[in-house]
Amino acid sequence: MSIYLDNAATSHPKPEQVYRAVDHALREIGASPGRGSYRQALAASRLLFETRESLAGLFGINDSARIIFTGSTTESLNLAISGLLRPGDHAITTTMEHNSVVRPLHRAGGCGVTVTRVTGDCHGFINPRDIAAAIRPETRLIVVCHCSNVNGVIQPLEEIGRLARLANVPLLVDAAQSAGVIPIHVQHMGISLLAAPGHKGLFGPQGTGFLYIAEGIELAPLMAGGTGSHSSDLELPTTLPDRYESGTHNIPGIAGLKAGVDFIGQTGMAAIRARETDLVNQLLTGLGALPRVYLHGPPPDREQGGIVSFTVDGYDPGMLGFKLDRDYDICVRVGLHCAPDAHRTIGTYPNGTVRVSPGWFTSDEDIASFLSAMTRLLQS
Ligand SMILES: Cc1ncc(COP(=O)(O)O)c(C=O)c1O
């Protein structure tokens with residue numbers, strides 16, 4: 001049995017109830033929501049509503065209709081960025097972003113949008129004052145990754161949200177690595193757009209994600225099509241969530257996502273975060289004791305997400321990852337993690353790092369096996 005330490009890519013395994021919910025949705029619900037008035041279709045509609053309500057409860061969202069189901073964080077970020085920005089607009093982002101932010105902004109740049117990238121310090125921390133200083137009269141969007149997928153640095157969202165609100169500029173948060181693990185409250189944190197995966201910290205299946213759109217924010221939809229509502233109109237409905245949810249929903253995925261969110265409710269987000277911190281500390285202590293190993297996370301007095309990134313003098317990260325898989329059946333991520341600028345910021349470009357990301361189902365024995373494998377690898 002492999003030791004899976006790549007939960008930052010997608011959480012694995014999922015809680016048992018997630019598997020059961022997906023199976024139940026496929027076998028017993030089967031129908032599409034909003035497409036019929038028979039009981040199975042109504043059950044699908046109810047499932048969508050209940051999942052939105054659960055997510056709204058978790059993230060301090062007042063109106064669950066403002067939660068749009070997507071297939072991934074990437075789709076959510078694309079909807080937010082390309083839906084909001086117009087030629088002549090200015091956007092602010094950071095050098096710690098994932099390509100799912102970098103590339104849509106780059107594309108917007110080709111369509112007359114200007115982009116300022118605020119540089120993180122040597123750990124990747126963004127100074128909110130640098131964001132404030134970059135705001136111009138034509139600034140339409142600030143985009144920030146909450147927790148870095150490269151090294152686990154957590155940005156000061158509340159402060160950034162406060163200054164975004166003061167300047168009346170929408171704040172889009174990429175919560176790919178924090179949703180479900182680190183508390184997020186869209187009202188308290190001044191978040192106008194929240195992009196999150198269903199398939200990482202929320203324990204849902206791959207192919208799930210969502211975007212929260214605050215009241216007053218108008219986005220151009222990415223797609224147009226059937227919504228099961230206002231069908232005689234050529235234009236998409238103006239009501240949410242239908243405006244942004246054309247086509248058949250991923251009902252099995254959303255059923256699994258609901259079960260994942262329920263699991264967080266039953267287990268407690270604080271317990272999940274505490275366990276993750278414990279595992280991260282075991283990794284930091286163990287790796288820190290190995291010769292020639294360099295850790296690339298935040299300093300010890302700062303909080304860290306569930307990600308540990310390291311390099312070893314004289315070893316290519318790719319080769320280490322290959323040997324961990326081939327010789328020890330251990331899954332880690334190596335390289336640039338789709339965030340080259342973040343590596344430039346923390347000094348690990350172009351080879352990147354080895355990234356270890358434990359999850360709720362990682363055992364102390366898994367960490368001990370990984371550390372022992374690393375010890376033997378570095379001795380060979
Ligand atoms: C910080 C960050 N943003 C965005 C994404 C994209 O997420 P998804 O795979 O759900 O599209 C990831 C994926 O790892 C990520 O780590």
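Ligands are counted one by one from 1 in listed order, and the atoms in each one are counted from 1 as well. Count residues from 1 along the sequence. Everything numeric in this text was worked out from a predicted model, so none of it was measured.
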Using the rule given for side chain to side chain donor-acceptor pair (under 3.5 Å), can you reason through Asp242 versus Thr239, listing the C-alpha separation, both sets of side-chain angles and the distance that settles it, and then say yes or no? CA-CA 6 Å; Asp242 292 12; Thr239 46; 4.9 Å; no
Under a 4.0 Å threshold between the charged nitrogen and the carboxylate oxygen, would Asp364 count as salt-bridged to Arg275? yes
Carboxylate-amine/guanidinium contact Asp341 Arg344, below 4.0 Å: yes
Which residue and non-hydrogen atom of the protein lie closest to [atom], and at what distance in Å?
| atom | value |
| --- | --- |
| atom 13 (C) of ligand 1 | Lys200 NZ, 2.7 Å |
| atom 1 (C) of ligand 1 | Asp174 OD2, 3.5 Å |
| atom 4 (C) of ligand 1 | Ser100 OG, 3.1 Å |
| atom 6 (C) of ligand 1 | Thr74 OG1, 3.5 Å |
| atom 16 (O) of ligand 1 | Gln177 NE2, 2.7 Å |
| atom 8 (P) of ligand 1 | Thr73 OG1, 3.5 Å |
| atom 2 (C) of ligand 1 | Ala176 CB, 3.3 Å |
| atom 9 (O) of ligand 1 | His199 NE2, 3.6 Å |

Step by step, work out the side chain to side chain donor-acceptor pair (under 3.5 Å) result for Glu97 and Thr94. CA-CA 6 Å; Glu97 305 304 310; Thr94 84; 2.5 Å; yes
Quick one: which of Val173, Leu219, Leu171 gives a side chain to side chain contact (heavy atoms under 4.5 Å, CB included) with Leu193? Leu219
Looking only at heavy atoms, is any part of Ala8 under 4.0 Å from ligand 1, and if so is it the side chain, the backbone, or both, or is it neither? backbone
Specify side chain, backbone, both or neither for Glu97, according to which of its non-hydrogen atoms lie closer than 4.0 Å to ligand 1. neither
Decide yes or no on side chain to side chain donor-acceptor pair (under 3.5 Å) for Thr353 and His337, but give the supporting numbers first. CA-CA 8 Å; Thr353 58; His337 323 304; 2.8 Å; yes
Mark the output for Ala9 as yes if a heavy-atom distance to ligand 1 is under 4.0 Å, and as no if none is. no
Contact between Gly209 and ligand 1, counting heavy atoms under 4.0 Å? no
Check each of Arg333, His98, Met96 against atom 5 (C) of ligand 1 and report the one with the nearest heavy atom. His98
Tell me which pairs pass side-chain hydrogen bond (donor to acceptor under 3.5 Å, both in side chains) where either residue lies in residues 315-329, with sequence neighbours left out. Ser2-Asp329
Give the numbers and elements of all ligand 1 atoms closer than 4.0 Å to a heavy atom of [X].
| X | answer |
| --- | --- |
| Pro197 | 10 (O) |
| Cys145 | 1 (C) |
| Asn149 | 1 (C), 16 (O) |

Which heavy atom of Gln187 sits nearest a heavy atom of Asn62, and at what distance? NE2-ND2, 3.5 Å
May I have the step-by-step check of side chain to side chain donor-acceptor pair (under 3.5 Å) for Thr208 and His199, ending in yes or no? CA-CA 6 Å; Thr208 58; His199 63 102; over 6 Å; no
Check: His343 ring centre within less than 6.0 Å of His296 ring centre: no
